[in-house]
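Letters go in sequence order (proteins before strands), and every chain restarts at 1.
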4 protein chains.
Amino acid sequence: MTQRSAAKKLTPKGAGRRDEILRKATAEFARRGYHATTITDILDGLSIARGTFYQYFANKRAIFEEILSNLLARFAGSIRPIDIDHPTASPRRQLHDNIVRVLNLVLEDRAMAKIVVAGATGMDPEFDLKVDQFTEAVRAAIIRSLSKGIEMGLVQPVDTELTATLVFGSGKELVRALADQSPDAQNVDEIAEAYIDLFARGLFTPALRDALDDDVESILHTSSGRNPVE
Amino acid sequence: MTQRSAAKKLTPKGAGRRDEILRKATAEFARRGYHATTITDILDGLSIARGTFYQYFANKRAIFEEILSNLLARFAGSIRPIDIDHPTASPRRQLHDNIVRVLNLVLEDRAMAKIVVAGATGMDPEFDLKVDQFTEAVRAAIIRSLSKGIEMGLVQPVDTELTATLVFGSGKELVRALADQSPDAQNVDEIAEAYIDLFARGLFTPALRDALDDDVESILHTSSGRNPVE
Amino acid sequence: MTQRSAAKKLTPKGAGRRDEILRKATAEFARRGYHATTITDILDGLSIARGTFYQYFANKRAIFEEILSNLLARFAGSIRPIDIDHPTASPRRQLHDNIVRVLNLVLEDRAMAKIVVAGATGMDPEFDLKVDQFTEAVRAAIIRSLSKGIEMGLVQPVDTELTATLVFGSGKELVRALADQSPDAQNVDEIAEAYIDLFARGLFTPALRDALDDDVESILHTSSGRNPVE
Amino acid sequence: MTQRSAAKKLTPKGAGRRDEILRKATAEFARRGYHATTITDILDGLSIARGTFYQYFANKRAIFEEILSNLLARFAGSIRPIDIDHPTASPRRQLHDNIVRVLNLVLEDRAMAKIVVAGATGMDPEFDLKVDQFTEAVRAAIIRSLSKGIEMGLVQPVDTELTATLVFGSGKELVRALADQSPDAQNVDEIAEAYIDLFARGLFTPALRDALDDDVESILHTSSGRNPVE
DNA sequence: AATGAATGAGAATTCATTCAT
DNA sequence: TATGAATGAATTCTCATTCAT
């Protein structure tokens, strides 16, 4: 038909314009969500006409889809597989660096980050699918790491599925918290270290840890299980 | 005019009707999110007319707001402060029961649960406020518990703010996972126990734990801090 | 989704409303064609809101499609196959009646008639197809009649395809002329008779007819065929 | 300002460009009709920029109007008045040549032909007027010929208005059929001859013709006239 | 002259809400 | 109270036309 898709060669000026729209759209989508954001919201204050938007993006779905894809790609790209036989960087070091890279990404573009963590939910099956696939990929990586750790005797034998969910949830909430905070310098290194440490060592003091074993046994054997409340 | 607000006296039949709408609306909001759900979606298959909806609820916002409030209230109600001096139940036991109550709540009404965790976010400032307030309340409770634990020498000295975020995020993801899963029996007790245990003891085996101290030191002192990647 | 299709049970008042829109739409489509007619054009002067239109018709295509289908069905219904063995009505009589029925239909609703003859062309492949199919059906009927006539020795041996095109074109133009004319009484019977007579007997006087045969021969044998002009 | 109207002096290259657009536009208008054809459709595959179009044509109406005018002029030009006293060509011969010229015109540029016959109708009052005027001119010529023929005793006394409509309609449909057909050689001479012959001699065999007179009388005297059907 | 990015008026359609019965 | 037809503001998207380069 007409001038449709996004992937046209653009003049430098055109590319700048496109980016401007992309950036603003990211901010608006992050603030209001997909449905509540109108094309007018995106263009407001940009002195760009409505028609111009459609010169650069086929439609509302297309621009969101592009933002989301970029986003997930950047997140995915900042996570690197951990090489146990690495000559200089220890596995823990590599894990640390992965977390630092992700958190720096979040700090670089908070609006962008919010879109993923705040749930691209219920906007469109296709978008949901994309986010779910990403989530699953990350969870799978965590599960693999845990399994290998258990195998090597480094990690205690835990339910890897469940543990992955918990670890992933923590990370997501951390990202959300960081994205919401004011943009003053964050000590990303320390945060990453604390994150790892929490899961590595747990919260309890060594003395307490040992004292707890009996208690656990009793809980699991007396509880009614399903509905202790109502 | 017609009857506006929600808390008016209703005949028993009216109350039943109102509940019917409320339940269906919860399901629809859970599936599609607030904006994508239309009044027609809610009423479809209910043999209740459009006009009748407005006899029971002032508008679309009002019904969502009521669902959300109920929801948060039930969640809040299922979490009870931990009494350290309790005669029979240990603190850990009380914590366990709190978690079990919340998870059972989720299993009872998955649709409802999804609405909170999947983010009533970004649809309306007022809704966001409500969810944020709830989140803050839970985080505050976690922070209080951590502080007291540290004070009592049971918990290692950690950044309570950050740790609360991580613990809360885990719980949220756990709820989301549970709400999405098929409704076959879940061993809620075991999940709660694993959840507590993860944070209590950590993942690493005791042998590994001790070996790590030097490594950590080295990471924090060599790292470039902001952008170790690009 | 929502209240969609047209085939809903309607209250008498609703049906009246629907008809009102249908009638006005027919007039507007007849005047301006499909593309140039806007929903606003249709509703103008009807004191019916834009939204109401969509309560009765799924969209612009749907209302045109309904008008067109009705139209073709009524035309088709007014043409009856000619029964050569009919006890009282001669074939010519039956043909005459067919023509009269079609012309009366045109006079009843000129707007409607114009839509078909003025070419529902180029508005939508589906519409074009529908009109083309109708046209073909009528042409086919004419061809059958001609063949049978030739077989029975009543009609001279002519190219039935070509002749059908010519006969059909005459009829179409006649309809168009009638639809455009002021609605004062037309002597439909006489028009039908003249139409039949023209094709039955031709224009030339008997004396002239015989004198022409040689001329024809000469034309066909001298002509250059393709481009006698430039 | 920029150059507006059509009839400005153009460089040879410019003139070529203009023609290129004109030809493509004709094809597109023929395929989709006026409204459904966009400027982009016209320019697609022509390596001519949007702005350039407006250097050659004031607007969309202008280019259509030019195509239509050319078209009608060429049709008009191919029809020459019949000179009864012509020294070499008989009137029938002259008529035959007129028809052949028109049909050859159609075969030369089918796209163009479709625009007129398929109805430049209902898109714009001004276009309608133009087409109507042309139609009227042709009808008037037919009427004049018929009258003269009747006067000279060559043509039977018929309703010239009505007959002209029928003859014209046949020709139009013939043109449409030719324009739609595949472009393999058509025997234009034979078609023209058949066309003339149909109207000249009619369809019925001589024997049948005479037998019909009584029947006709009876139809006209018994018929109900307006609505013999419902 | 040529270009193609920018414009913005307008078109179709949706949907929360009102209102007459 | 219940109903569902009616409403119209708001939204997405198209496309003829203009304009700076």
Distance, rounded to the nearest Å, where D:Leu43 contributes CG and F:dA16 contributes P: 11 Å
Closest contact, heavy atoms only, C:Leu46 versus C:Ile21: CD2-CA, 4.1 Å
A:Tyr54 vs F:dT14: side-chain N/O to OP1/OP2 distance below 4.0 Å: no
Just the atom pairs and distances: protein N or O near nucleotides 8-11 of chain E's N or O, under 3.5 Å.
unit_1 : atom_1 : unit_2  : atom_2 : d
E:dG8  : N7     : A:Gly51 : N      : 3.3

Atom pair distance, as rounded to whole Å: OH in D:Tyr34 and P in F:dC15: 14 Å
Length of the line joining B:Arg18:CZ and F:dA2:P, which is rounded to integer Å: 13 Å
Results of salt bridge (charged side-chain N to carboxylate O under 4.0 Å, His left out) for A:Arg61 - residues two or more places apart only: A:Asp124, A:Glu126
Sugar-phosphate only, base, or nothing, as touched by D:Arg17 at under 4.0 Å among non-hydrogen atoms: sugar-phosphate
Salt bridge (charged side-chain N to carboxylate O under 4.0 Å, His left out) partners of C:Glu28, counting only residues at least two apart: C:Lys24, C:Arg31, C:Arg32
Which residues share a ring-ring contact (aromatic ring centres under 6.0 Å, His included) with A:Phe53, sequence neighbours left out: A:Phe57
Partner set under side chain to side chain contact (heavy atoms under 4.5 Å, CB included) for B:Ala27, not counting sequence neighbours: none
Dot-bracket summary - DNA chain F, pairs being Watson-Crick or G-U whose distances fall under 3.5 Å, with | when paired to another strand: .||||||||||||||||||||
First encountered from the 5' end of DNA chain F, between B:Phe53 and A:Phe53: B:Phe53
Short side-chain N/O contact from A:Tyr56 to OP1 or OP2 of E:dA6, under 4.0 Å: yes
Partners passing side chain to side chain contact (heavy atoms under 4.5 Å, CB included) against A:Asn70 (at least two apart in sequence or in another chain): A:Glu66
Spacing between B:Gln55 atom CD and F:dT3 atom P, to the nearest angstrom: 9 Å
Any donor-acceptor pair under 3.5 Å from A:Thr37 side chain to A:Gly33 backbone: yes
Interatomic distance, D:Asp41 CG vs F:dA16 P [rounded to whole Å]: 8 Å
Residue B:Asn59, side-chain atoms from C-beta onward, closest of E:dT17, E:dA1, F:dT1: E:dT17
Salt bridge (charged side-chain N to carboxylate O under 4.0 Å, His left out) against C:Lys60, all qualifying residues, sequence neighbours excluded: none
Those residues that, when tested against C:Thr40, pass side chain to side chain donor-acceptor pair (under 3.5 Å) (two or more places apart): none
Nearest-angstrom distance from the residue atom CZ of D:Phe57 to P of F:dT18: 16 Å
